There are 2 protein chains.
Amino acid sequence: MTKEQSYFKKILKDHGLKVTNQRIAVLEIFKEHSGVHLSVEEIYDFVKKDYPEIGLATVYRTVQLLSELELIDKVNLDDGYVRYEIGVMDGEKSHHHHHLICLSCGEVFAFGEDMLDSLEEHIDKTLGFKVVDHQVKLFGYCKNCRENEN
Amino acid sequence: MTKEQSYFKKILKDHGLKVTNQRIAVLEIFKEHSGVHLSVEEIYDFVKKDYPEIGLATVYRTVQLLSELELIDKVNLDDGYVRYEIGVMDGEKSHHHHHLICLSCGEVFAFGEDMLDSLEEHIDKTLGFKVVDHQVKLFGYCKNCRENEN
DNA sequence: CTTAGTGCAAAGCTTTTGCACTGCA
DNA sequence: TGCAGTGCAAAAGCTTTGCACTAAG
């Protein structure tokens, strides 16, 4: 058993939740696709390879659970699906919903979150609005696509 | 006829589209609710007061049209509805998808866009990603809610 | 007159829910 | 063994689409 699995089981137990094969299997898919933004349908298709009898509703419920436990992040890329990505795998601080979306190839890149600190401070001072979470989407053209067009 | 209506009619004609009462009526609702983020259902309810025989499908089609003509902005506040707001009514530069969403009362405030310029410049330099549009959502607690809690 | 636009109803989509069954603790 | 969790199918809710009809140009 990997250390992520042990950690996951502990969290489930701490919340009085049961450890099931389905939950382990879904988390495993997120681990195998770190950095990728998966729709529930995509997760379902992946999980079925290892666990063919799983139901779509279970995947929906598990994904909601993982999101509430803050083990995965919810991302809306406005493509008609709600997407999720694993958030705490890499050593660095968890990057929170910051995405570069290429309008040409559709690729999604991530970038760090510290760049917004001064902005949030300014908003607090001028508007009295206390920011506790943020979601930033930047649309444009990635390096590859720009090079291919030239 | 207001100057916004003349402008709208010109745009429709320039695109080879017909000027219909329904389209005028929907635009009128956006004008009356400048700064508000309306769902299609809400727009439908408002329009029906002036134009009871309008159909929901027409509102959906009109809103898509207005969005393509860049007369309104599409906003997704993750509440299950796609929302729209009029974008070019005030004299200032059009504020592009920048929202402060209060987690307590649900109120949505807007803020200016120039604050992101340095961030985008940095991204271009370091990642080679050219940003052409952006969408920023900041979640937190607004002044009112913070004062009421104390 | 021609055909884009409309209204209605049906269908399409993702997501949620009810309920009997299963399996973890 | 008891009850949380699951699987299936049905339902829900937003949005789109097909089609006959209406009205703008």
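Here the structure is a predicted model, which means the values were calculated and not measured. In what follows, chains are A, B, ... by sequence order, proteins preceding strands, each numbered from 1.
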Can you list the steps and then say if R83(A) with E42(A) is a salt bridge (charged side-chain N to carboxylate O under 4.0 Å, His left out)?
-> CA-CA 9 Å; R83(A) 294 178 173 278; E42(A) 285 166 356; 3.2 Å; yes
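A heavy atom lying under 4.0 Å from DNA chain C marks the following residues of residues 17-29 of chain B, by number: L17(B), K18(B), T20(B), Q22(B), R23(B). DNA chain D is contacted by A57(A), T58(A), R61(A) of residues 56-68 of chain A, taking any non-hydrogen atom closer than 4.0 Å.
Residue-level contact check: G16(A) touches neither bases nor backbone, having no heavy atom under 4.0 Å from any strand.
If you take CD1 on I86(B) and CD1 on I72(B), they are separated by 8.0 Å, rounding to the nearest 0.5 Å. For the atom pair CG of D50(A) and CD1 of I24(A), the computed distance is 12.5 Å after rounding to the nearest 0.5 Å. To the nearest 0.5 angstrom, Y51(B) atom OH is 5.0 Å from E53(B) atom CD. Going from atom CD1 of I29(B) over to atom NZ of K48(B) covers 12.0 Å, rounded to the nearest 0.5 Å.
In this structure, H15(B) atom NE2 and dA4(C) atom P are separated by 16 Å, rounded to whole Å. E42(A) places its CD atom 16 Å from the P atom of dC13(C), with the value rounded to the nearest Å. Whole-Å rounding puts the K74(B) NZ to dC14(D) P distance at 16 Å. With rounding to whole Å, L38(A) atom CG is found 15 Å from dT14(C) atom P. Put simply, CD on E41(B) is 14 Å from C1' on dA12(D), counting in whole angstrom units. Rounded to whole Å, atom P of dG5(D) lies 18 Å from atom CD of E53(A). If you take NZ of K9(B) and C1' of dG5(C), they are 16 Å apart, rounded to a whole angstrom. dT15(D) atom P lies 9 Å from atom CG of N76(B), rounded to whole Å.
Minimum interatomic distance between L12(A) and K18(A) (heavy atoms only, all atoms of both residues): CD1-O, 3.8 Å. The minimum heavy-atom distance between R23(B) and F8(B), with the atom names listed, is O-CE2, 3.6 Å.
Y84(A) has its ring centre no less than 6.0 Å from the ring centre of H37(A).
Contact check for Y7(B) versus L71(B): side-chain heavy atoms found under the 4.5 Å cut-off.
F30(A) and Y81(A) fall into different hydrophobic clusters, where Ile, Leu, Val, Met, Phe, Trp and Tyr residues are linked whenever their side-chain heavy atoms come under 4.5 Å apart, directly or through other members.
The main-chain N or O of T58(A) is found under 3.5 Å from a side-chain atom of T62(A) such that the two form a donor-acceptor pair.
For the helix from dC1(C)-dG25(D) to dA25(C)-dT1(D), the rotation axes defined at the first and last 5 base pairs enclose an angle of 30°, given to the nearest 10°.
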